[in-house]
Asks: 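Handing you a structure now.
Below, chain A is the first sequence line, B the second, and so on; all start at residue 1. The model shown is predicted, which means the values in this text are computed figures rather than measured ones.
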Amino acid sequence: MQNYLDYLYNELIIIFKNKFNHLVSESEVVLTPCKKEFEGDFTLILFPWLKIFNKSPDEIGEEIGSSLIQSGSITSFNLIKGFLNLTLPDSFWHNNFQKLIESNLESRICIAQPEKFLIEYCSPNTNKPLHLGHIRNILIGWSVYRILKAIGHTVNTTQVINDRGIAICKSMLAWKLFAKGATPESTSTKGDHFVGNFYVLFEEKFKEEYKAWQSSVEGEFIFKELKKIDESESDFFKRYKNEYFNKDSQLGRLSKELLLKWESNDEETRILWNTMNQWVYKGFDATFQKLKVNFDSYYFESQTYLLGKDIIQDGLNHDVFIKDSDGSVWIDLTDIGLDRKIVLRSDGTSVYITQDLGTIAERHKRYQADHYIYVVADEQDYHFKVLTETLKKLKLQYSNGIHHLNYGMVELPTGRMKSREGTVVDADDLIQEVIQAASVNAQERGELSMLTIDERDKVIFDIGMSALKYFILKVQAKKKMIFNPEDSVDMQGHTGPYIVNAFVRIKSIIRKFNSSIVKNNSAEVNNSEKQLLLSCMEYSKILQDSGKQLDPSLLANYLYQLAKDFHKYYSEYRILNAESDSLINWRINISKLVGDHLEHGMYCLGIEMPSRM
RNA sequence: GGUUCCGUAGCUCAGCUGGAUAGAGCAUCUGCCUUCUAAGCAGAGGGUCUCAGGUUCGAAUCCUGACGGAAUCACCA
């Protein structure tokens with residue numbers, strides 16, 4: 001939709017020219033929605049012009065106001081200090097209302113120049129189930145996908161799965177040693193949890209082994225030999241843990257053997273690896289389904305970890321990289337304030353960034369996208385800076401399209417989640433809890449008694465998920481967030497169910513209105529309706545801003561405000577028993593308009609709304 | 001130590017491309033359901049926008065500095 005105030009801007013520009021003999025551009029004219037405490041629809045700020053025209057705010061305001069009245073574009077104005085409050089005629093609101101209900105919502109929000117995006121989000125490891133951090137990642141990624149798509153871009157989603165490496169070998173080893181052939185089926189355990197349990201078991205067994213070793217002759221000898229002056233035994237062994245794993249540990253040796261076997265394609269190892277990963281994927285899929293997200297493509301590190309070496313060679317040929325005497329390859333980024341960074345190990349194997357260089361090249365071949373968005377926590381800011389700068393030095397065209405959507409880490413009221421301390425919030429548990437809370441609330445209300453059990457479960461599920469998803473998405477993506485599990489199941493106030501409730505009220509009204517809705521716009525427009533219309537008129541801008549900033553929280557907060565305005569309207573005015581038929585129709589039309597926007601907006605957050613609750 | 005990010009009500013967060021008396025929710029207290037779904041509405045209390053300078057007609061917002069907190073600075077991913 002075109003800017004609905006364009007005509008007012010144009011008129012003001014003409015007034016500035018004719019009355020004050022001054023040429024201004026639209027961007028210099030500051031016109032904002034009027035604050036609620038004052039009378040008026042929009043406010044023109046006069047301060048910038050005082051000096052230029054050498055007149056008082058009252059003089060300027062009076063002149064502008066009366067000119068606008070004369071031309072009929074406003075019906076009245078008032079002046080408070082340097083603020084000129086303008087009241088527009090009802091025809092302004094009627095016209096915009098007409099445009100809103102006649103145009104199609106989907107086409108109204110589209111941008112002029114669509115581009116092509118690829119979004120990578122989620123990106124889990126296969127040795128542990130998904131947790132709260134993944135949930136934030138997934139919800140942000142999915143919502144950004146929906147928003148970009150809604151405004152007309154071509155968007156694909158993908159994820160990288162870290163399915164190889166020492167971690168999964170630990171799970172495999174623990175399974176081989178202790179599982180006695182158990183499977184997710186035989187133990188009725190969700191696959192990702194099943195494998196995760198063996199990872200935890202490995203860590204426990206390793207800890208026991210390490211503990212025993214510490215008091216052995218060898219352990220005591222190492223402690224005496226290698227400890228720093230004044231270092232306590234516990235400090236030393238904390239520090240030595242990694243080295244113990246690599247040098248002395250039986251379990252460490254066995255898991256590294258497994259890794260080598262994996263890398264040399266040992267059949268038995270590969271079969272076990274594949275079996276366990278399949279268990280995990282099945283578990284992940286169940287969680288993705290509950291979250292209602294999906295991926296257009298998957299990249300597995302087992303297939304990509306060897307990529308990128310040709311790019312390294314190419315970079316060496318063009319002197320972008322430097323080879324050290326030991327054979328390791330580096331990039332020097334000190335000229336732009338970063339460090340020297342390794343891109344290939346001395347033994348010729350890849351590091352993290354090598355794979356990333358290769359993976360982007362592959363993706364670009366496949367997608368030819370303008371933008372590659374990586375939804376990854378902000379702890380990796382440095383890595384992505386290095387990656388982008390490296391691509392730039394390689395003069396690869398897609399280097400300008402790399403966006404690190406760096407959301408902040410999720411913390412609990414007690415501090416950071418730590419797997420060692422068992423404070424990690426499991427994704428499935430969390431979903432379970434929020435649905436449970438929705439169920440308890442629904443039972444107390446008893447509104448759903450006429451539904452079948454399946455229908456009721458679906459509604460409860462949607463309400464619970466709306467609470468969880470909204471709770472996370474309302475916080476600005478880039479900010480770290482404190483996640484209080486108790487607050488996350490709240491269904492009152494600034495929450496998902498509050499917005500759902502507004503929608504449900506609208507749906508209920510429409511259900512109860514038997515005759516067909518007539519589009520009419522003869523009614524007098526009250527302030528609540530102006531507010532609702534204005535919000536709907538600004539929807540496309542909000543959505544486009546959210547897309548531009550890759551930040552769903554903008555949209556989330558807008559939707560809350562819209563729902564709040566509707567709840568207020570609902571309590572102030574009777575809709576179905578308004579004084580006249582035409583007034584009933586007008587109010588239903590407004591309500592339906594709001595409902596459509598709420599539904600579309602929540603859809604863009606990845607939240608499905610039931611029509612009853 | 002270098003770099004980056006953050007600091008707004010008791011708590012969780014909006015507001016940050018500069019505009020009027022800084023807003024919500026939670027929590028505390030008070031009203032409103034025989035009338036469209038009370039997961040709602042109306043109201044009360046709660047603030048040195050970390051601090052100090054600067055730019056400006058105007059600063060929570062922009063700039064500089066200090067203080068406090070976080071992340072990162074691996075031949076890990």
Asks: Do side-chain atoms of A/Asp551 reach the backbone of A/Gly547 as a donor and acceptor pair under 3.5 angstrom?
Replies: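 No, because the side chain of A/Asp551 does not come within donor-acceptor range (under 3.5 Å) of the backbone of A/Gly547.
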
Asks: Stem list for RNA chain B, please, built from Watson-Crick and G-U wobble pairs under 3.5 Å and keeping only runs of at least 3.
Replies: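 The stems are B:1-7 with B:67-73, B:10-13 with B:23-26, B:28-32 with B:40-44, B:50-54 with B:62-66.
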
Asks: Would one find a side-chain N or O of A/Arg587 under 4.0 angstrom from OP1 or OP2 of B/C36?
Replies: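 So the side chain of A/Arg587 is outside the cut-off, no N or O lying under 4.0 Å from OP1 or OP2 of B/C36.
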
Asks: Which residues satisfy the side chain to side chain contact (heavy atoms under 4.5 Å, CB included) test with A/Asn127, sequence neighbours excluded?
Replies: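 With sequence neighbours excluded, A/Asn127 shows a side chain to side chain contact (heavy atoms under 4.5 Å, CB included) to A/Asn125, A/Ala167, A/Ser171, A/Tyr199, given in chain and number order.
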
Asks: Is there a donor and acceptor pair closer than 3.5 Å between the side chain of A/Ser553 and the base of B/A14?
Replies: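 No such pair is found, so the answer is no.
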
Asks: Excluding sequence neighbours, so at least two apart, what forms side chain to side chain donor-acceptor pair (under 3.5 Å) with A/Asp41?
Replies: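 Per chain and number, A/Asp41 pairs via side chain to side chain donor-acceptor pair (under 3.5 Å) with A/Trp93, A/Lys530.
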
Asks: So what does A/Tyr352 hit on the nucleic acid, given a heavy-atom distance under 4.0 Å: a base, only sugar-phosphate, or nothing?
Replies: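 Result for A/Tyr352 = base.
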
Asks: From the options B/C75, B/C36, B/A20, select the nucleotide whose nearest atom is closest to the side chain of A/Asn85.
Replies: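 Minimum distance to the A/Asn85 side chain belongs to B/A20.
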
Asks: Less than 4.0 angstrom from a charged side-chain N to a carboxylate O is my criterion; do A/Glu389 and A/Lys385 meet it?
Replies: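 Answer for the salt bridge query: no.
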
Asks: List the steps and the verdict of ring pair (Phe, Tyr, Trp, His ring centres under 6.0 Å) for A/Trp273 and A/Phe300.
Replies: CA-CA 13 Å; A/Trp273 170 76; A/Phe300 297 91; 8.7 Å; no

Asks: Check whether any side-chain heavy atom of A/Trp49 sits under 4.5 Å from a side-chain heavy atom of A/Lys55, and report yes or no.
Replies: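 With C-beta onward as the side chain, the pair stays apart.
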
Asks: At 4.0 Å (heavy atoms only), tell me whether A/Glu444 reaches a base, stays on the sugar-phosphate, or touches nothing.
Replies: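 It contacts nothing in the nucleic acid.
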
Asks: Would you give a per-nucleotide map of nucleotides 27-35 of chain B, 5' to 3', where B means the base has a protein non-hydrogen atom under 4.0 Å away, S means only the sugar-phosphate does, and - means neither?
Replies: --------B

Asks: Does anything in residues 46-54 of chain A come within less than 4.0 Å of RNA chain B? Heavy atoms only, and list the residues if so.
Replies: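 Of all residues in residues 46-54 of chain A, the ones placing a heavy atom under 4.0 Å from RNA chain B are A/Phe47, A/Pro48, A/Lys51.
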
Asks: Which value, rounded to the nearest 0.5 Å, describes the distance between A/Lys469 atom NZ and A/Asp462 atom CG?
Replies: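 One finds 8.5 Å between NZ of A/Lys469 and CG of A/Asp462.
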
Asks: For B/A20, does either OP1 or OP2 sit under 4.0 Å from a side-chain N or O belonging to A/Lys36?
Replies: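 For A/Lys36, the contact criterion (side-chain N or O under 4.0 Å from OP1 or OP2 of B/A20) is not met.
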
Asks: For A/Lys309 versus A/Ser350, what's the shortest heavy-atom pair and its separation?
Replies: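 Closest approach of A/Lys309 to A/Ser350, heavy atoms only: CE-OG, 3.5 Å.
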
Asks: Tell me whether the ring of A/Phe83 lies stacked over the B/A20 base, given a 5.5 Å limit on centroids and a 30° limit on the plane angle.
Replies: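 By the stated criterion, A/Phe83 and B/A20 stack.
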
Asks: Give me the residues of residues 499-508 of chain A where at least one heavy atom lies under 4.0 Å from an atom of RNA chain B, by number, or none.
Replies: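 Close to the strand are A/Asn501, A/Val504, A/Arg505, A/Ser508.
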
Asks: Test your reading of the model: is there a side-chain donor-acceptor pair from A/Asp163 to the backbone of A/Glu301, 3.5 Å cut-off?
Replies: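 Yes.
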
Asks: For the backbone of A/Ser535 and the side chain of A/Glu538, can you confirm whether one donor and one acceptor N or O come within less than 3.5 Å of each other?
Replies: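 No: the side chain of A/Glu538 does not pair with the backbone of A/Ser535.
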
Asks: Mind checking the C1' distance from B/G10 to B/U56? Whole angstroms is fine.
Replies: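 It works out to 36 Å between them.
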
